[in-house]
2 protein chains.
Amino acid sequence: MTKNVRRSTIADVARQAGVSKATVSRFLNHRDTLLSPEIARRVEAAIAQLGYSPSPMAQALKRGRSRLIGLVVADITNPFSVAVLRGAEQACREAGYLVMLFNMGNEGDRESAGLQALSSYKVEGFILNTTGHDPGAALEAARQGKPIVLVDRRHEGLNVDFVSLDNQHAIALSCRHLLGAGYRELMLITEPLDKVSARIERKQAFHDFVQTHADEVSGCDVEAQDQTGLIEALKALRGRAAVATTGCPGGGVPAVIAANAVVTLRVIEAVAQLGWRLGHEIGLLGIDDTPWAPYIGPGISTVAQPTTELGRLTAHCLIQRLQGLDGPARQMLLKGKLMVRGSTRTGRGAEPA
Amino acid sequence: MTKNVRRSTIADVARQAGVSKATVSRFLNHRDTLLSPEIARRVEAAIAQLGYSPSPMAQALKRGRSRLIGLVVADITNPFSVAVLRGAEQACREAGYLVMLFNMGNEGDRESAGLQALSSYKVEGFILNTTGHDPGAALEAARQGKPIVLVDRRHEGLNVDFVSLDNQHAIALSCRHLLGAGYRELMLITEPLDKVSARIERKQAFHDFVQTHADEVSGCDVEAQDQTGLIEALKALRGRAAVATTGCPGGGVPAVIAANAVVTLRVIEAVAQLGWRLGHEIGLLGIDDTPWAPYIGPGISTVAQPTTELGRLTAHCLIQRLQGLDGPARQMLLKGKLMVRGSTRTGRGAEPA
DNA sequence: TTGTATGCGTTATCAA
DNA sequence: TTGATAACGCATACAA
């Protein structure tokens, strides 16, 4: 009713229960040991009556720990980041942690600033989905023994738990599917590598596959900068495919693997501009499933990442470390799932339109 | 080099500068008044040497303020929420605030839990994008004088600053466009209203428009629950349109307004299942622009919300309140922007395929 | 203009 | 088993 709504403190509880603050604190933190049942009851009642709950701030000041987890993400615009964030936030919350968010908005050099800001709030650990271009503060945090878990992107020089899609597997899965669908001329399109580990790994995996299947396919890759470059690359690809594989089933139709959802959309745009039809003049398979993938043209084939799982797993790793788990850095790679749709249905078994 | 990396405190600075802690604190907080230049220099040097920065936690404990802003969002899965979050986080960061995130994952009854968790960290104010089904804690916070700003969704009984798309304008814009394109039979499809103000307002605005233009159009609305219900509604709509407007230019083609991006996707799916072509057998206009809208079928016409702006504006409102701005609750409605694409190009002036 | 002392809400170290 | 009491890092009323 009145205006004075000061949250009750440990002192209030102590007074109400007729004991000392120390006793209340003990009840809270070491309930099991050292407590006469009678006093315990009184304290418990007082806490209930006053609706008391300890101030995390004061606890943080005293203990140096805060029940806070810092989450810094390179670009919250990226739907993949959001999906991970979602899983991680949920898992943290369930474990009694709150998430402090720092979004770098793709300014790679602000990473240290973010970590420091978060550090000053005594976050207990970090989940990082960043480039690692600005690793100073991360190394510092690691050195101080603050647990860090990386999602999706490794940092070189930072040997900590790492959770990610199994990129090797995802690419192999994609390539095998395209092979099975009759495509013989493949191209991987990624954003500029820019030292982002996921991009590098996907490209490497693609190279590996093409190398070990050199008798069946040929492949190349492009780092898509601008839309005109992308269009040129696609034209060149189709030229090669026509020459190389005339007579094959599927008649010289090439296929593109888009290394993430952003690229997928750009390829879709380019193909539209060229007036080609997905699944006819060109095959397309995108890494990252999206809600709209089924409805573009004949449907876009994708490899779906288990995004929420990735987020949850990341949080769990961190929380285990927070609870004292020791041991070498772990690496947890989750498998992607192939979603076959119309954009890769040309070729063997399908009649060209 | 060594392991002991204790952040330096105000006491360290004081010792280093040969002054008292109080003096250092004064330098930090009241630099302008009360300071001999000589001492100021010494303190400043010491701070620089030690790389000192104050602990926000300790400050929060002392002042009751924390440079923290609590952001609670109904469902971070929703791209619109993310876009707003992005703008808000950015603006907060620029103003020296950090964001604590609480995602309710669409569990409407956890709102109070979120506010309380955030409150205990002494966040200075709240940005809410929630249903308001569980308003207890919000009312409590407001009563305590903690500023709250609502985005996109009003809470009844909570008379605070509110930032949103101008729903009335967006719907009128949509309707006028459809009218101009020759559509005469309109239908608004929303998610179940569920007391969500944005949905209610859009529906109301639609009714208003239809009423005041009763001589030109007829319209109805549907709350889409499941996919089969949606399909039935679409069939019925097309039936009505065929009967009502034979002979009209555009020949009895109806149009649908999808009240948000989620609904848009569901309509797209339903239309695909019916084997209709967007822009031919049916018109479609969605509220919320998305990166994929141009590439579905002939392109989906949309009304784009200025999402980042909404987020930034929301944060600015809150920060103004934090800086002491008084006065009645404000309402800031931003205009949406019409993006015309192929899904609404049938009708007058366009020849049916 | 500067320093001393106190308290913010906890936890932890001592005695009792 | 419990209770004073001293920190944690900072801001401020008061004294100097």
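Per chain, numbering begins at 1; letters A, B, ... match sequence-line order. Side chains are part of it too, since the values below use all heavy atoms of this structure and drop only hydrogens, waters and symmetry mates.
Each of B:Lys122 and B:Pro37 was assigned the nucleotide of DNA chain C with the nearest heavy atom; the assignment lying further toward the 5' end belongs to B:Pro37. Looking at which nucleotide of DNA chain D each of A:Glu38 and A:Lys21 is closest to, the 5′-most match is held by A:Glu38.
D:dG9 atom C1' lies 14 Å from atom OH of A:Tyr121, rounded to whole Å.
B:Asp75 meets the side-chain hydrogen bond (donor to acceptor under 3.5 Å, both in side chains) test with B:Thr77, B:Asn106; sequence neighbours excluded. Partners of B:Glu44 by salt bridge (charged side-chain N to carboxylate O under 4.0 Å, His left out), not counting sequence neighbours: none found. Applying the salt bridge (charged side-chain N to carboxylate O under 4.0 Å, His left out) rule to A:Arg153 yields no partners; only residues at least two apart in sequence or on another chain are considered. A:Arg15 meets the salt bridge (charged side-chain N to carboxylate O under 4.0 Å, His left out) test with A:Asp12; sequence neighbours excluded. Partners of A:Gln320 by side-chain hydrogen bond (donor to acceptor under 3.5 Å, both in side chains), not counting sequence neighbours, listed by chain and number: A:Arg330. Qualifying side-chain hydrogen bond (donor to acceptor under 3.5 Å, both in side chains) partners for A:Arg110, counting only residues two or more places apart in sequence or in other chains: none. Partners of B:Glu111 under the salt bridge (charged side-chain N to carboxylate O under 4.0 Å, His left out) rule, at least two apart in sequence or in another chain, do not exist in this structure. Looking at residues two or more places apart in sequence or on another chain, you find a side-chain hydrogen bond (donor to acceptor under 3.5 Å, both in side chains) between B:Asn29 and B:Ser25, B:Arg63.
Across all strands, B:Val19 comes closer than 4.0 Å only to sugar-phosphate atoms, never to a base (heavy-atom distances). Here A:Ser25 lies in heavy-atom contact (under 4.0 Å) with a base.
Using a 4.0 Å cutoff on non-hydrogen atoms, the parts of residues 50-69 of chain B near DNA chain C are B:Leu61, B:Lys62, ordered by number.
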Side-chain donor-acceptor distances from residues 47-54 of chain A under 3.5 Å, at least two apart:
unit_1	atom_1	unit_2	atom_2	d
A:Gln49	OE1	A:Gln16	NE2	2.2
A:Ser53	OG	A:Arg7	NH2	3.0

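Between its two ends, the helix from C:dT1-D:dA16 to C:dA16-D:dT1 turns its axis by 50°, counting five pairs per end and rounding to 10 degrees.
In the set C:dT2, C:dT10, D:dT1, the nucleotide with an atom closest to the side chain of B:Ile39 is C:dT2.
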Detail all sub-3.5 Å separations between protein N/O atoms and N/O atoms belonging to nucleotides 14-16 of chain C.
none

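Between B:Thr23 and C:dG3 there is a side-chain N or O to OP1 or OP2 distance below 4.0 Å. The phosphate of D:dG9 has neither OP1 nor OP2 within less than 4.0 Å of any side-chain N or O from B:Thr9. Contact check, A:His30 against C:dT11: no side-chain N or O comes under 4.0 Å of OP1 or OP2.
In this structure the side chain of B:Lys122 never reaches within 4.5 angstrom of the side chain of B:Arg65, judged on heavy atoms.
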